[in-house]
Amino acid sequence: MSAQSEPLPSVVYTCLPSSTDVEQVLQTFLDRVKRGTLWFDCTSGDPFKDREFEALLRGKEATFVDVGVSGGPRGAAAGSLTAMVGCPTDVFQKVQPFLESCAERIVHCGDTGAGHAVKAVNNIIMGTNLVIASEGLSILAKYGVSPAAALAIINESSGRSWATQDRMQNYILPGTYDYGFQLSLLEKDMSTALQLASGCGNTTPLLTNSFRLVSRASQTLSATADHTRLAEVVAKLQSTTLVTHKQSSDKQPKSPSMRALGIKLVVFDCAGTIIDEGGLVYNVLKQVMRRAPGGCITYTEEEFNRWHGGNKIELLRFFGYRAGMSEEEVQGMYTDFLSSLQTGYFSSENKGAVTLIPGVIELFYELRRAGIKVCLNTGYPHSIADRLIQVLELEDKIDGLVVAEDVGMGRPYPYMIQHLARLHNIVDMRHIVKLGDSVRDIEEGRFSGCGLVVGVLTGADSAEDHIKAGADLVLKSVADLQLKSATLALVMAVDLSKVVGFTLPDRPVGWNKRDLLTYAVGVGAKSDDLSLIYELEKSFAALPTYPVVLQLKGDGQDVNVFAERVKGRPIPGMPPVDPNRIVHGTQSIEILKELPLVSGPGWKMTTRYTGVSENKSGIVVTAENVLVDPNGVPYAKLYSSAFNVGAKAKGDKYTKSIAGPPQAKPIPKDRKPDWVVKDQTTPEQAIVFRLSGDYNPLHIDPKIGVSAGFGGVILHGLATFGFAARGLIKAVANGDPTALKLFGVRFTSPVKPGDALETSVWEVGPGPHGTVEVAFVTKNLTSGKIALGGGIAYIRKAPSPKL
């Protein structure tokens with residue numbers, strides 16, 4: 001039996017971001033579930049989905065148990081969580097022992113789904129209590145009462161809650177905001193609770209308003225923001241603050257946010273980086289070379305310094321061979337070096353010659369507490385490196401050690417870091433940070449493709465040397481490595497040249513005929529557009545602009561959480577940006593092959609950044625997305641630009657681009673348009689378009705539209721984009737969707753549902769592959785403003801009717 005078909009273990013635990021992820025895993029492995037399997041789902045999941053999962057596994061004579069957990073990061077680390085269990089009573093007795101290793105309290109909440117139901121309601125109560133406490137303390141702060149004094153009274157009175165006693169006291173008033181539970185996850189759990197309420201027929205006005213505020217805060221803050229920053233947003237809405245005393249750390253280290261940035265491993269150099277040995281290694285090397293036969297080795301300090309951090313045997317070979325020494329004589333020097341170094345490090349008279357840099361143990365503890373691996377690499381042989389680990393009592397404080405002799409080559413070659421990546425199953429080297437005190441450490445990190453390369457000034461090389469070698473950050477000591485998200489965002493080096501060429505992980509995408517029909521109606525297709533809205537029509541085809549919605553839709557068929565979809569990895573080289581000040585500037589699509597009506601599995605969207613430009617108003621970033629089938633064949637190429645208003649890198653003009661779409665020709669001033677297409681959006685247009693995957697609340701919740709300065713709900717920019725494309729196809733190509741080969745616009749002003757649109761089109765020359773090139777603008781007749789400018793399209797023109 002192949003590994004692919006082997007049965008799953010008899011006990012399975014899942015703990016994933018959402019029930020949608022659990023469903024995907026369950027469907028993937030369902031055929032491998034064997035009779036009697038126990039499946040524990042510790043996701044903060046959907047109670048209604050739990051019942052579906054239970055039925056699926058019951059059909060395989062297996063058991064599904066939903067487990068909600070509470071206790072936070074510290075409870076997980078200490079094994080003191082509370083487990084809220086949903087399953088039949090007879091099943092609970094059987095499964096309870098399997099939870100005792102990680103949970104201190106195990107509570108049977110009821111039948112299947114009950115555990116996750118209690119978890120969701122617990123979290124919406126917690127989130128609402130946090131909103132209430134924040135609003136209450138904000139009132140007192142504006143009145144002139146110290147939040148700390150007020151909190152001390154409240155926590156002894158009937159107004160107290162876990163929000164005031166724990167979150168306010170320990171994370172909000174000190175201003176650390178580092179409990180370790182992301183706001184986006186709280187938003188998801190609160191959404192689950194409201195869906196539960198709706199399914200049960202409950203009305204929840206207070207909880208619903210609380211959720212709206214949490215959702216607004218989630219959109220305002222960064223992708224990795226802790227849920228305690230909700231209080232910061234509430235206070236800012238009242239033009240006040242609840243922070244009474246900034247606290248850089250407390251007695252118990254907090255989990256760093258490197259984990260949230262995708263960092264999985266930090267690799268530290270040894271001597272000079274985490275170990276203070278007073279430069280002993282280089283003193284010993286110089287002594288050994290002075291003892292060479294006949295004193296034949298000569299060198300300058302500049303020559304010697306170039307070897308800081310390098311492989312010591314290679315150093316001795318370089319100077320030895322230059323002096324005419326044989327390999328045997330060089331090996332003799334190396335043996336002398338190792339023996340002298342062992343004496344210098346470990347002899348009784350030199351006891352204490354090697355110590356750890358202050359703060360190293362605390363740093364290791366914080367990283368590992370956050371789930372980040374800590375490893376060491378060195379040019380020393382194991383005979384010395386292993387002894388150092390033992391003497392400094394690091395055996396149980398690190399997750400791995402590699403020396404140059406393990407891989408055959410030392411720094412600056414990348415083999416030691418690659419060895420550690422394989423050891424810890426890390427494929428993407430951008431998830432690794434490298435720290436060292438020498439130029440060769442920096443080069444090693446760069447050649448390895450590490451996501452962050454940090455130099456420290458506890459060795460011989462200068463800050464200028466580190467920067468020239470490519471360090472993203474230079475610190476006085478490893479102990480100065482900042483782990484809080486705000487600080488880390490600042491220390492990630494700002495270098496706009498790094499933006500261009502950066503790629504994101506591929507995103508799986510998929511669609512069916514219903515998706516194509518929904519999109520067509522969302523962009524205004526009418527009853528006479530049968531080729532777009534009737535699946536049995538012989539000419540039925542996808543609107544060629546459909547792929548623009550796939551970045552947000554992905555491959556799912558359910559509603560998604562917009563805040564989760566738009567949160568991605570930080571872009572190397574970019575400064576921190578305000579997510580509320582990111583404007584969709586341009587969008588284009590080039591159709592390379594006609595879309596199939598149903599995708600099937602295996603399709604994906606690739607992403608790379610192809611352009612960046614800074615001006616006095618902010619930074620514009622251009623992204624290229626390519627839609628490819630399971631065989632890697634490209635079907636569409638999309639370019640979009642995002643204007644990060646107010647973002648600053650160097651403050652000077654800067655532009656770099658490696659690819660982009662064709663640019664529109666000027667609108668002819670001397671003649672009327674060749675085609676004019678009028679269209680009418682409906683008041684419900686945004687409601688329909690959002691079903692294609694863009695569930696941004698801005699397009700359905702009037703309060704958010706008002707607070708954003710739009711006066712209410714606005715239509716999705718990509719809906720207006722689709723209206724113009726559909727109208728152009730109808731006018732120029734007589735409704736043939738296969739005629740459009742390229743379509744691009746610049747977004748210039750918003751459209752509200754119900755507004756009237758007019759697209760004016762000019763033929764401006766021949767296009768490629770038998771098309772014509774047209775330029776166009778789309779005007780909002782209701783507001784009188786241009787909604788889409790800089791329009792360009794390549795389209796096959798319908799033949800003129802014969803007389």
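Heavy-atom basis, side chains included; hydrogens, waters and symmetry copies ignored.
Once rounded to the nearest 0.5 Å, the distance linking CG of D269 with CE of M416 reads 8.0 Å. Annotation: the span from L595 atom CG to L627 atom CG amounts to 6.5 Å, rounded to 0.5 Å. To the nearest 0.5 Å, atoms CD (Q551) and CG (L504) are separated by 8.5 Å. We find the OG1-CZ distance between T607 and F502 to be 10.0 Å, quoted to the nearest 0.5 Å. For the atom pair CG (N425) and NZ (K373), the distance works out to 10.0 Å, reported to the nearest 0.5 Å. In this structure, the separation between CD on E443 and CZ on R440 is 6.5 Å, given to the nearest 0.5 Å.
In summary, K637 and E590 do not engage in a salt bridge, as defined by a charged side-chain N under 4.0 Å from a carboxylate O. Using a 4.0 Å cut-off between charged nitrogen and carboxylate oxygen, D515 and K553 count as a salt-bridge pair.
In this structure, W603 and W511 have perpendicular ring planes: the angle between them is above 60°, well past the 30° mark.
With sequence neighbours left out, D21 forms a salt bridge (Lys or Arg N to Asp or Glu O under 4.0 Å) with no residue at all. In this structure N377 satisfies the side chain to side chain donor-acceptor pair (under 3.5 Å) test together with R411, K434, E444, sequence neighbours excluded. Residues satisfying the side chain to side chain contact (heavy atoms under 4.5 Å, CB included) criterion with D465, sequence neighbours excluded, are V439, D461, S462.
Looking at H431, its side chain never comes within 3.5 Å of a backbone N or O of K264 through a donor-acceptor pair.
Relative to the six-membered ring of Y635, K593 meets both conditions, a distance below 6.0 Å and an angle of at most 45° to the axis.
Counting heavy-atom neighbours within 6.0 Å of K665 NZ, excluding the residue itself, gives a total above 12.
Ring-centre distance between F743 and F721: below the 6.0 Å cut-off.
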